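To keep things clear, I will list the structure first and then write my remarks on it.
By convention here, the first residue in the shown sequence is residue 1. Keep in mind it's a predicted model, so treat the numbers as computed, not measured.
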Amino acid sequence: MIKDLIKAKGDEISVLEGTDRLQYLIDLAKEAGALEDKYKVDQNKIFGCASNLWVVGEKDNGNMKYQFDADAFITKGTTKFVIDILNNQSAEEISKLSKEDFKPLGIMELLTAQRQSGLSNLLDFLIKLAK
């Protein structure tokens with residue numbers, strides 16, 4: 001169940017102190033691939049982020065496959081952190097999630113107000129793509 005994965009990921013990084021969690025997100029960003037420029041259009045853009053973020057998703061045999069790119073390490077790492085949980089999971093299950101279900105990740109409080117808004121918009125967008 002996805003909610004269990006979210007809690008497990010939150011528990012995993014809970015041992016890291018504030019700036020170490022941010023460094024973890026930056027390190028994740030460095031592992032993330034790039035999104036083809038043809039997908040970097042307003043239809044795929046997450047608005048409200050402190051930087052540019054684009055996400056595309058498709059259903060494959062009932063599971064979601066997401067791709068993304070961002071032009072800032074914190075944004076890209078945060079997105080990778082969330083998408084790593086949701087990739088290859090049931091679209092039906094993702095579609096039933098809410099932003100509240102992601103609180104156990106424990107990353108919202110690390111982010112500035114604008115990045116919190118962006119993360120919230122990202123979660124809405126990921127859930128919408130699964131519907």
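- Of the charged side-chain nitrogens involved, at least one lies within less than 4.0 Å of a carboxylate oxygen, so that Asp37 and Lys40 count as a salt-bridged pair.
- Under the 4.5 Å side-chain criterion, counting only non-hydrogen atoms from C-beta, Ile74 is in contact with Arg115.
- The backbone N or O of Ser98 sits less than 3.5 Å from a side-chain atom of Asp101, completing a donor-acceptor pair.
- Across Ile83, Thr75, Leu35, a single residue satisfies side-chain contact (heavy atoms from CB on, under 4.5 Å) together with Phe68, and that is Ile83.
- Counting heavy atoms from C-beta outward, Ile13 and Leu25 have side chains that stay 4.5 Å or more apart.
- Tyr39 and Leu126 fall into different hydrophobic clusters, where Ile, Leu, Val, Met, Phe, Trp and Tyr side chains are chained together by heavy-atom contacts under 4.5 Å.
- Side-chain contact between Lys103 and Ile6: absent, with no pair of heavy atoms (C-beta onward) separated by less than 4.5 Å.
- In terms of heavy-atom proximity, Arg21 sits nearest to Gly106 at NH1-O, 2.9 Å.
- Asn52 contributes no side-chain N or O that, together with a main-chain N or O of Asp71, makes up a donor-acceptor pair within less than 3.5 Å.
- Residues Val55 and Leu129 are in side-chain contact: their nearest non-hydrogen atoms beyond the backbone lie under 4.5 Å apart.
- Between the side chains of Lys65 and Asn88, at least one donor N or O sits under 3.5 Å from an acceptor N or O.
- Taking each heavy atom of Ala29 and Gly77 in turn, the nearest pair found is CB-N, 3.5 Å.
- For the pair Lys9 and Pro104, the minimum side-chain heavy-atom distance is 4.5 Å or more.
- Put simply, the side chain of Leu105 reaches to within 4.5 Å of the side chain of Val82, judged on heavy atoms.
- In this structure, Lys59 contributes its side chain and Lys131 its backbone to a donor-acceptor pair below 3.5 Å.
- When all heavy atoms of Met64 and Gly57 are compared, the pair lying nearest together is CE-C, 4.0 Å.
- Other residues, nucleotides and ligands contribute more than 12 heavy atoms inside 6.0 Å of the CZ atom of Phe125.
- The side-chain heavy atoms of Leu119 and Phe81, taken from C-beta on, include no pair separated by under 4.5 Å.
- Of the possible polar contacts, one joining the Glu93 side chain to the Ile2 backbone as a donor-acceptor pair under 3.5 Å is found.
- Asp69 contributes no side-chain N or O that, together with a main-chain N or O of Trp54, makes up a donor-acceptor pair within less than 3.5 Å.
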- [ ] Decide side-chain contact (heavy atoms from CB on, under 4.5 Å) for Phe47 and Asp42; before the verdict, give the C-alpha distance in whole Å, the side-chain angles of both, and the deciding distance to 0.1 Å.
- [x] CA-CA 9 Å; Phe47 292 94; Asp42 281 353; 4.0 Å; yes
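- Enclosure of atom CG in Asn61 is not indicated, since only 12 or fewer non-hydrogen atoms of other residues, nucleotides or ligands lie within 6.0 angstrom.
- Residue Glu17 holds its CD atom at 14.5 Å from CD of Gln23, rounded to the nearest 0.5 Å.
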Task: CA sep, side-chain torsions, deciding dist, call: Tyr66, Ile94, side-chain contact (heavy atoms from CB on, under 4.5 Å) - done: CA-CA 12 Å; Tyr66 297 102; Ile94 294 169; 3.7 Å; yes
TODO: Check the pair Leu86 / Phe102 against side-chain contact (heavy atoms from CB on, under 4.5 Å), numbers first and verdict last.
DONE: CA-CA 11 Å; Leu86 299 180; Phe102 290 87; 4.1 Å; yes
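- Residue-environment remark: CD (Gln67) stays at or below the threshold of 12 foreign heavy atoms within 6.0 Å.
- Linking ILVMFWY side-chain heavy atoms closer than 4.5 Å, directly or via other members, places Ile127 and Val56 in two distinct hydrophobic clusters.
- Separating the OG1 atom in Thr78 from the NZ atom in Lys80 is a distance of 12.5 Å, to the nearest 0.5 Å.
- Within the model, atoms OG of Ser120 and CD1 of Ile46 stand 11.0 Å from one another, a figure rounded to the nearest 0.5 Å.
- Note: Leu5 CG to Asp84 CG = 11.0 Å, rounded to the nearest 0.5 Å.
- Other residues, nucleotides and ligands contribute only 12 or fewer heavy atoms inside 6.0 Å of the CD atom of Gln43.
- Pairing each heavy atom of Ala130 with each of Ala91, the nearest pair is CB-O, 3.5 Å.
- Judged by distance alone, the side chain of Gln116 and the main-chain N or O of Met108 form a donor-acceptor pair under 3.5 Å.
- Atoms CG and CG, from Leu122 and Leu53 in turn, are 6.0 Å apart once rounded to the nearest 0.5 Å.
- We find the CD-CG distance between Glu100 and Leu123 to be 10.5 Å, quoted to the nearest 0.5 Å.
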